[in-house]
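First up is the structure itself, then whatever we jot down about it.
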Amino acid sequence: MKFGFPGFLIAVFLHGALLGAITPNEWRFSQTIDVSTTGLVRVNVPAETLDAARPDLADVRIADGAGREVPYLIHRPMPRRESALRPRELRTELEPTATRITLTTGTKFVLKGVTFETPQGVEFIKGVRVEGSHDGATWLQLATDKPIFRMAGGAANPSVSFSEGAWEFLRLTIDDSRTAAVPFTGVLLQVAETNAPAEAFPLTIKTRDESSGLTRLSVDLGAMNLTVASLGIETTDPLFVRPVTIAVPELANDNIGEQTLCTGSIYRVDFNGKVESQVDIPIDSQIHGRELIVLIDNSDSPPLVINAVHGSRRVTNLLFFAREAGRYQLLSGNSQCAAPRYDLSELDEQLKNAEAVEGRAGPLIGNEDYNRPDNLAALPLTGAKIDVAAWKFRKPIQLSKPGAQQIELDPDVLVRAAPDQRDLRIVVDDRQLPFLLERPSISRSLPLASALANDLQKPRLSRWSLKLPQAGIPITRITCAADSALFQREMRLWEEATDDRGDKFPRELGHATWKRVPGETAREFAIHLDVVPTSDMLLLETDNGDNPAIKLHNFRGHYPVSRIVFKTASDSTQPVWIYYGNPDAASPRYDVALVADQLFRAERASATLGRQENMHSKTERMIQTLSGSSLYIFWSVLGIVVAALLLLISRLLPKT
């Protein structure tokens with residue numbers, strides 16, 4: 001291989017860097033790299049290597065044919081973040097059917113698009129034509145009928161992209177032939193980003209959940225530690241606009257939540273018979289786990305038909321100097337070793353830009369001499385002993401296989417456990433199992449039995465009674481459908497609660513404004529609850545004024561999902577129970593925090609809950625069901641019975 005002067009310095013430096021031999025048995029995996037000639041070699045790290053290695057690749061090593069360690073440099077080419085500039089001059093002209101904005105860019109940077117600025121809260125959808133010029137007289141069309149919009153619910157696309165180029169002048173023509181002109185307050189120039197290589201990789205939809213106008217996709221990336229460039233939605237829906245949030249599961253304080261990575265919009269819109277589509281969301285973040293969460297806000301529209309998802313990832317390169325042709329080994333999978341220090345920082349830029357032979361890593365091969373540990377082996381399978389006498393309820397946990405488990409809490413548990421689930425315990429024999437609590441962005445729905453409950457003394461009032469399956473379900477949202485074609489109503493949701501003295505009073509749970517106009521697509525109406533109901537009977541009412549009563553049906557209640565994640569032993573035959581219903585219990589503190597990350601990322605089996613068992617006596621159960629005036633009556637009757645028994649005993653005793 002021939003080198004220029006900088007290349008010669010690189011070769012001399014790397015050729016002289018002689019390191020000692022390494023012990024391959026300390027690494028779980030190896031891959032071969034066949035090099036046909038001496039010189040600088042660039043290897044695109046495969047996804048399976050990134051999955052086996054640590055996120056920062058601190059455990060990766062390259063060994064030559066003699067087993068000696070070879071210095072290398074990691075290169076993760078990333079696009080330079082696009083920047084925004086304000087033009088030197090902006091002129092706006094209002095025409096009968098268009099708004100024309102002429103920009104003097106004042107820059108020689110390569111431009112890729114423009115972003116329109118509008119006052120907050122302005123909703124619109126417009127088509128834009130973009131033209132570029134070097135002299136302000138001769139114009140070249142760069143884009144036509146490109147959509148810009150900002151819609152209710154958060155969906156927005158205020159930007160227009162065009163072919164990259166340096167332009168002294170830009171002319172933007174916004175189509176106002178269908179709707180009124182928009183008061184644009186400014187325009188930003190988008191400076192083109194530096195391109196970086198990306199390659200497609202397969203994605204799999206693991207689960208899909210529909211709840212409260214939200215589609216939630218759990219997407220399997222196929223490997224950990226990938227730097228995902230973008231994710232796209234494949235749908236056959238002809239026209240749509242949807243805000244999208246990309247998130248990842250996040251472990252914090254022994255709880256599993258969701259961390260937002262980025263937001264954007266996907267759309268397919270029709271402008272003058274031309275369909276414009278954008279279904280990709282840029283991400284450009286390293287994902288340490290295998291899962292991405294895609295949240296699509298449907299608002300009042302039906303969910304999209306999603307056929308698949310696709311993605312692209314940024315490449316990760318290893319650069320090393322081959323002293324001789326032959327077979328090299330790429331080692332990965334060592335959780336104990338320290339990161340290497342090769343003192344290559346001075347040659348960083350030269351190596352990244354130097355000519356190199358493309359090397360290819362072979363299949364990932366497990367080291368037979370390496371004792372592969374269970375990634376959950378450090379997790380304590382049992383915690384401290386527990387006296388379950390103070391817990392009122394329990395359910396058996398039915399397992400399909402040993403290992404990491406996931407249980408979704410059902411309404412029985414949610415009703416009787418503490419609101420923050422601090423009293424939950426997983427128990428085998430008389431010992432606790434450590435666990436993590438997960439609260440994903442999913443909700444479940446329950447059908448609510450409904451009936452008209454109008455007050456004859458208030459003929460203008462429409463009222464519906466809504467029956468929950470049981471009292472205390474943590475409902476956060478009520479939805480229903482309406483048959484009436486035209487209405488606007490203030491809706492109020494309340495329940496009849498009882499105070500400590502047994503007196504009843506109306507307790508408001510939530511309120512909303514519902515309206516429908518002719519020609520509007522049928523949609524669900526929703527009311528959000530400000531507080532959790534305590535009874536099993538809710539009342540929804542509205543004042544019709546002088547209008548006919550509205551007709552509502554198909555009532556459903558929605559509650560958020562909570563899950564428990566834990567591990568069981570492979571050889572255990574003891575039944576596993578979940579205990580709940582102890583308001584005096586404190587939140588558990590387990591050593592699971594030390595290995596929570598491994599449990600968090602482990603592949604989980606879905607366990608189910610069996611039938612509920614009441615751990616208290618019949619008398620205690622009867623007392624627990626009493627409240628308000630019923631409780632006072634019970635204790636009064638019990639006192640009278642005790643007094644009568646004492647009087648009877650005193651008469652039966654012999655007199656002195």
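The structure presented is a predicted model; accordingly, all values stated were derived computationally and were not measured.
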| side-chain hydrogen bond (donor to acceptor under 3.5 Å, both in side chains) between Arg216 and Ser441, worked out | CA-CA 8 Å; Arg216 182 185 188 273; Ser441 54; 3.1 Å; yes

| message | Under a 3.5 Å cutoff, is there a donor and acceptor pairing between the side chains of Asp176 and Thr99? | response | yes

| Without hydrogens or angle criteria, can the side chains of Thr227 and Gln286 be said to hold a donor-acceptor pair below 3.5 Å? | no

| task | Tell me, with the steps shown, if Thr207 and Leu217 meet side-chain contact (heavy atoms from CB on, under 4.5 Å). | result | CA-CA 6 Å; Thr207 61; Leu217 304 177; over 6 Å; no

| task | Answer yes if the side chains of Glu168 and Thr105 hold a donor-acceptor pair under 3.5 Å, and no otherwise. | result | no

| Can you tell me if Ser177 and Asp175 form a side-chain donor-acceptor pair at under 3.5 Å? | yes

| field | Minimum side-chain heavy-atom gap Ile293-Val219 below 4.5 Å | value | no

| request: Can you sort out the partners of Asn298 under side-chain contact (heavy atoms from CB on, under 4.5 Å), two or more places apart, ordered by chain and number? | output: Glu210, Thr215, Arg242, Ile296, Pro303

| message | Can a side-chain donor-acceptor contact be found between His528 and Arg477 if the only test is distance below 3.5 angstrom? | response | yes

| Asp209 (side chain) donor-acceptor with Ser443 (main chain) under 3.5 angstrom | no

| Passes side-chain hydrogen bond (donor to acceptor under 3.5 Å, both in side chains), Ser211 versus Arg444? Steps please. | CA-CA 7 Å; Ser211 59; Arg444 301 293 184 213; over 6 Å; no

| Aromatic contact, Phe149 with Phe116 (centres under 6.0 Å) | no

| task | Only counting residues at least two apart or in another chain, list the ones meeting ring-ring contact (aromatic ring centres under 6.0 Å, His included) with Tyr559. | result | none

| Is there a donor-acceptor pair under 3.5 Å between the side chain of Glu93 and the backbone N or O of Ile101? | no

| More than 12 heavy atoms of other groups within 6.0 Å of Arg208 CZ | yes

| said: I'd like to check Ile306 versus Ile233 (side-chain heavy atoms, cut-off strictly below 4.5 Å). Are they in contact? | reply: yes

| task | Please test Arg86 against Glu117 for side-chain contact (heavy atoms from CB on, under 4.5 Å), starting from the C-alpha separation and ending with a verdict. | result | CA-CA 11 Å; Arg86 293 204 175 273; Glu117 296 177 314; 3.0 Å; yes

| query | Do Ile266 and Leu304 have side-chain heavy atoms sitting under 4.5 Å apart? | reply | yes

| Do we see a donor-acceptor contact under 3.5 Å between the side chains of Asp237 and Thr235? | yes

| request: Indicate the atoms forming the closest heavy-atom contact of Ile174 with Val128, along with that distance. | output: CG1-CG2, 4.1 Å

| task | Determine whether Leu493 and Leu466 make a side-chain contact, defined as any pair of heavy atoms from C-beta on separated by less than 4.5 Å. | result | yes

| query | Which pair of heavy atoms, one from Lys551 and one from Ser484, lies closest together, and at what distance? | reply | N-OG, 3.1 Å

| query | By side-chain contact (heavy atoms from CB on, under 4.5 Å), which residues pair with Pro469, not counting sequence neighbours? | reply | Leu446, Leu448, Ile473

| query | Taking the six-membered ring of Trp494, is NZ or CZ of Arg507 closer than 6.0 Å to its centre and within 45° of its axis? | reply | no

| field | Spacing of OG1 belonging to Thr263 relative to CD1 belonging to Ile281, to within rounding of 0.5 Å | value | 8.0 Å

| Within the distance-only criterion (no hydrogens, no angle test), does the side chain of Ser312 pair as donor or acceptor with the backbone N or O of Glu199 below 3.5 angstrom? | no

| query | Would Asp280 and His310 count as having a side-chain donor-acceptor pair, cut-off 3.5 Å? | reply | yes

| Steps toward salt bridge (charged side-chain N to carboxylate O under 4.0 Å, His left out) verdict (Lys146, Glu276) | CA-CA 7 Å; Lys146 292 293 184 180; Glu276 293 287 342; 3.5 Å; yes

| request: Please indicate whether Arg360 has more than 12 foreign heavy atoms, meaning atoms of other residues, nucleotides or ligands, lying under 6.0 Å from its CZ. | output: no

| said: Taking salt bridge (Lys or Arg N to Asp or Glu O under 4.0 Å) as the criterion, tell me which of Arg463, Arg460, Lys458 meets it with Asp543. | reply: Arg460

| query | Looking just at side-chain N and O atoms, do Ser445 and Arg556 make a donor-acceptor pair shorter than 3.5 Å? | reply | yes

| message | Pairing donors with acceptors under 3.5 angstrom, does anything connect the side chains of Ser159 and Gln190? | response | yes

| field | Polar side chain donor-acceptor pair, Lys112 to Ser161, under 3.5 angstrom | value | no

